[in-house]
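See below for the structure under consideration.
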Protein chains: 2
Amino acid sequence: MEKAIEKLIRSGRKLTRPRLAILKFLSHQHAPISAQTIHDKTGIDLASVYRTLKLSEELRLANVEAMGNEKRYCLAAEPHHHITCRKCGHSETVRCNHVTEGLGNFTDISHQLTITGICDKCRK
Amino acid sequence: MEKAIEKLIRSGRKLTRPRLAILKFLSHQHAPISAQTIHDKTGIDLASVYRTLKLSEELRLANVEAMGNEKRYCLAAEPHHHITCRKCGHSETVRCNHVTEGLGNFTDISHQLTITGICDKCRK
DNA sequence: AACATAAATGCGAATAATTCGCAATTGGGT
DNA sequence: ACCCAATTGCGAATTATTCGCATTTATGTT
């Protein structure tokens, strides 16, 4: 989380109470989480949650994935992804060696790997 | 595309005109595309486009990624992903060896890798 | 080849997700 | 402690996605 806060400040933004609360909250999650849920759990205004998440995406403090019809976020800290059960939603962590240098004609690479499967509890 | 059609039929669904048109349209894209765009270009009713895309996601005929605030789809044909420029949106294809067998406690794996970067044209 | 019928479409209306506008507040420098 | 641009919170607006239902259409059967 420290890294995210640093980046935020280095970008010239203010480290506000809501932003800190959201980053802190995100840092405690073990699975990607939606704006609505962050709002529900932290009480921070939904529009502000969206603004912070959008900013976090831009500054790449957080990664996003499409789950159902909402976006879910997690801190882009250590190289990792999640694998999520398509039946029950249970998530586990998957380590990964991020590619960050270059790929083809592209530089400044960022990536998000969304993995789904069926977990052992759901496998009948 | 043939593979997608096969899967669709094997699932017991009808191979309808709109579904075929959408799959065909998707198969011609070189970058993931939104429901709205499919509707615009094919004239198929937006609700039907959504229904077909949702079904395609469920049957895993197509992969989805979150781009901006809409979902974008591409056929889940040969193992590949896209890398997209965060400035201009330009996409290129990235080959990949899909993991499909098992990962941790999970089976029946599906994954979607969303990669962004800055393309050479945008790199000043 | 026409028939029956469950599945799918198209349309309009509803809901959910996300963003906007603006007055009030606040973090970070001086 | 003061200033001021950045940010918040709220409500209203948009945009994305889904629903309900009458009509149409694939597909199996005669």
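Values below: all heavy atoms of this structure, side chains included; hydrogens, waters and symmetry mates excluded. Quantities reported herein were computed from a predicted structural model and do not represent experimental measurements. So that the names make sense, note that chain A is the first sequence line, chain B the second, and so on, each numbered from 1.
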Atom [atom1] of [X] and atom [atom2] of [N]: how far apart are they, to the nearest Å?
X       : N      : atom1 : atom2 : answer
B:Ile44 : D:dT24 : CD1   : C1'   : 15 Å
B:Asp40 : D:dA16 : CG    : P     : 11 Å
B:Arg19 : D:dT24 : CZ    : P     : 19 Å
B:Leu20 : C:dA8  : CG    : C1'   : 14 Å
B:Leu8  : D:dT27 : CG    : C1'   : 13 Å
B:Ile38 : C:dT9  : CD1   : C1'   : 16 Å

message: Do B:Met67 and B:Leu113 land in one hydrophobic cluster if side-chain heavy atoms of ILVMFWY residues count as linked below 4.5 Å?
response: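 No, B:Met67 does not connect to B:Leu113 through the hydrophobic network.
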
Do any side-chain atoms of residues 5-14 of chain B form donor-acceptor pairs under 3.5 angstrom with protein atoms, and if so which ones, sequence neighbours left out?
residue, atom, partner, partner atom, Å
B:Glu6, OE1, B:Arg10, NH2, 3.1
B:Lys7, NZ, B:Arg60, O, 3.4
B:Ser11, OG, B:Leu8, O, 2.6
B:Ser11, OG, B:Arg13, NE, 3.4

Qualifying residues under side-chain contact (heavy atoms from CB on, under 4.5 Å), relative to B:Asn69, sequence neighbours excluded: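 In terms of side-chain contact (heavy atoms from CB on, under 4.5 Å), with neighbours along the sequence ignored, B:Asn69 is linked to no residue.
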
- request: Output all residues satisfying side-chain contact (heavy atoms from CB on, under 4.5 Å) with B:Asn105, sequence neighbours left out; order by chain, then residue number.
  value: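 Scan of B:Asn105 (side-chain contact (heavy atoms from CB on, under 4.5 Å), adjacent residues dropped) gives A:Glu92, A:Asp120.
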
Report, one line per pair, each donor and acceptor closer than 3.5 Å where one atom sits in a side chain of residues 20-34 of chain B; sequence neighbours left out.
residue, atom, partner, partner atom, Å
B:Ser27, OG, B:Lys24, O, 2.7
B:His28, ND1, B:Lys24, O, 3.4
B:Ser34, OG, B:Thr37, N, 3.2
B:Ser34, OG, B:Thr37, OG1, 2.9

Using distance only, find each side-chain donor-acceptor pair of residues 51-59 of chain A under 3.5 Å and give its atom names and separation, not counting sequence neighbours.
residue, atom, partner, partner atom, Å
A:Arg51, NH2, A:Ser48, OG, 3.1
A:Thr52, OG1, A:Ser48, O, 3.2
A:Ser56, OG, A:Thr52, O, 2.8

- request: Mark up nucleotides 17-30 of chain C, 5' to 3', with B wherever a protein heavy atom is under 4.0 angstrom from a base atom, S wherever such an atom reaches only the sugar-phosphate, and - elsewhere.
  value: SBBBB----BBS--

field: Degree of bending in the helix from C:dA1-D:dT30 to C:dT30-D:dA1 once both end axes are built from five pairs, to 10°
entry: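 It comes to 50° between the two terminal axes.
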
message: I'd like to check the side chain to side chain donor-acceptor pair (under 3.5 Å) partners of A:Asp45; sequence neighbours left out, ordered by chain and number.
response: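 Once residues adjacent in sequence are excluded, A:Asp45 has no partner under the side chain to side chain donor-acceptor pair (under 3.5 Å) criterion.
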
- request: Quick one: list whatever passes ring pair (Phe, Tyr, Trp, His ring centres under 6.0 Å) with A:His82, sequence neighbours left out.
  value: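 Checked A:His82 against ring pair (Phe, Tyr, Trp, His ring centres under 6.0 Å); matches are A:His80.
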
